[in-house]
Amino acid sequence: MEPKYFTQQLLKWHKANPRPMPWLGLTDPYKIWVSEIILQQTRVQQGWNYYLAFVETFPTIQSLAESSEDLVLKHWEGLGYYSRARNIHKAANQIMENHAGVFPEDYEEIISLPGIGPYTAAAIASFAFGQKRPVVDGNVLRIVSRYCHIDEDLSKVKGKKKILVFLTEAMSFTKDAAAFNQAIMNFGALQCIPSNPNCGICKMSKKCKALLNDQVSYLPRAKTKIKKKKRYFTYLDIVDLQGNRVINRRKEKDIWQGLYELILNETEKEWKPNLEKISGFLTENEIHWKGTLGLSNRLKTRRILSHQLINAEIITLRCDKIQYKGTKFQIANRLKGFAFPKLLELYLQTNL
DNA sequence: AATACGGGGGC
DNA sequence: GCCCCAGTATT
């Protein structure tokens, strides 16, 4: 392995291939933090507008801390991995409590914040504070496994260690840790891409061990693939003459925790209810109505998540007046302020 | 060490 | 369809 050559070529490539991004060149640790959380398992393009809107609504740690979790989730709506939103809100409060509202500089303190792991801590430490902490994300694993021809399971400690040893060595050849980290991730996103990289124009090709051994397409080693669990959701959207609806805040440790949804019946197999069964289900849940209950629409849809396959049906019901005295659900007239899973957001967009 | 956690884009 | 994305927390 030739770490010095790697660093030289990397930084040269970086200068020749600038990539505009809204948080580029910022030194405000708060904004860097926000951008890094948004970019966890998320493409730059997908997170771009979310970042702009987020820092406009929450320009400071304090403003974020003082917000409600619901509002933070509303800004995360559609982005996925909602624990990121809950955790950044929680962490903002911890910074107010434990650090007088000032983002900590110490790596150990940074990484102890909820939602911040090794990658994000290194990103903040280098971008905001200039510390020599190499970032290790998917790009970096791919690049280094190829350049050094490391054919190991990178989810294991042993494989990760080899990567980190190389990075630490490589980073020692520059004073600008931030530029190094920025460069290596851009290099992974634009040049050393997952499939069919154009090695013919790559500045590293002379010393890329995977290329020399014709192994680029086999590296990094494939992950064991995950099995998806099938779930069946039936959502009941009951709406009365005043436009009132019944919604629920998801509380369990499950997908979409903290987001809102309609009345849900989850079943082992597909539920094919008629109006009578629907009435029965509503009554069991203490939801009553005045006038006749009418079934106005049924929509079948499906969603693919990283670990689940959701088969859903959304049934629209009409009545004169909803009557609910329980505590599990809440009655809402305007749904604009609530964060919904994409599945429901798409439905509500056209049925609100 | 393995699994859960969203949603989207590229091929 | 399948892979993977500027990963982290929990089991």
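All values below come from the heavy atoms of this structure, side chains included, with hydrogens, waters and symmetry mates left out. Every chain is numbered from 1, with letters handed out A, B, ... down the list of sequences.
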NA contact type, [X], heavy-atom cut-off 4.0 Å: base, sugar-phosphate, or nothing?
X	result
E77(A)	nothing
G47(A)	nothing
T42(A)	base
W76(A)	nothing
I38(A)	nothing
T120(A)	sugar-phosphate
Q45(A)	nothing
D254(A)	sugar-phosphate

(message) Closest-nucleotide mapping onto DNA chain B: is D153(A) or K253(A) further toward the 5' terminus? I mean the 5' end.
(response)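 Comparing both residues, the 5'-ward one is D153(A).
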(message) By nearest heavy atom, map Q46(A) and V157(A) onto DNA chain B; which one lands nearer the 5' end?
(response)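 Per heavy-atom nearest nucleotide, the more 5' residue is V157(A).
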(request) Using heavy atoms to find the nearest nucleotide of DNA chain C for R142(A) and P114(A) separately, return the residue whose nucleotide is more 5′. (result)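 Checking each residue's closest nucleotide, the 5'-ward one belongs to R142(A).
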(request) Identify, between V136(A) and K225(A), the residue whose nearest nucleotide on DNA chain C lies closer to the 5' end. (result) K225(A)
(request) Would you mind pulling out the nucleotide paired to dG7(B), Watson-Crick or G-U wobble, both distances under 3.5 Å? (result)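 Checking every strand shown, dG7(B) finds its partner in dC5(C), with both distances under 3.5 Å.
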(request) Take the protein atom CG of L305(A) and the nucleotide atom C1' of dC2(C), then report the distance between them rounded to whole Å. (result)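 Interatomic distance, CG of L305(A) to C1' of dC2(C): 16 Å.
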(message) Regarding dC5(B), can its base be found pairing with the side chain of R84(A) as donor and acceptor, where the two atoms are less than 3.5 Å apart?
(response)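 Under the 3.5 Å cut-off, the side chain and the base do not form any donor-acceptor pair.
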Side chain of [X] only, heavy atoms from C-beta on: which candidate in [options] is closest?
X	options	answer
K223(A)	dT8(C), dC5(B), dC4(C)	dC4(C)
P194(A)	dC4(C), dA6(C), dG7(B)	dC4(C)
Y81(A)	dG7(B), dC5(B), dA1(B)	dC5(B)

(message) Quick one: does any side-chain atom of R318(A) pair with a main-chain N or O of S296(A) as donor and acceptor, under 3.5 Å?
(response)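 No.
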Look at the side-chain N and O atoms of [X] and state whether any lies under 4.0 Å from the OP1 or OP2 oxygen of [N].
X	N	result
Q41(A)	dG7(C)	yes
R303(A)	dG8(B)	yes
K228(A)	dC2(C)	no
W256(A)	dG7(B)	yes
K342(A)	dG8(B)	yes

(message) Counting the benzene-type ring for Trp, do W76(A) and F54(A) have ring centres under 6.0 Å apart?
(response) yes
(message) Side chains of Q242(A) and K321(A) only: does a donor on one sit below 3.5 Å from an acceptor on the other?
(response)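 A donor-acceptor contact under 3.5 Å links the two side chains.
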(message) Work out how far the P atom of dT8(C) is from that of dG8(B), and round it to whole angstrom.
(response)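 About 22 Å, rounded to a whole number of Å.
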(request) Determine the sole option in Y50(A), F58(A), Y82(A), Y51(A) for which the ring-ring contact (aromatic ring centres under 6.0 Å, His included) test with H75(A) is passed. (result) F58(A)
(request) Measure the acute angle between the ring planes of Y5(A) and Y147(A), then classify it against the limits of 30° and 60° as parallel, tilted or perpendicular. (result)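 Rings of Y5(A) and Y147(A): parallel, as their planes differ by under 30°.
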(message) Can you confirm whether K228(A) is buried at NZ, in the sense that more than 12 heavy atoms of other residues, nucleotides or ligands lie under 6.0 Å from that atom?
(response) yes
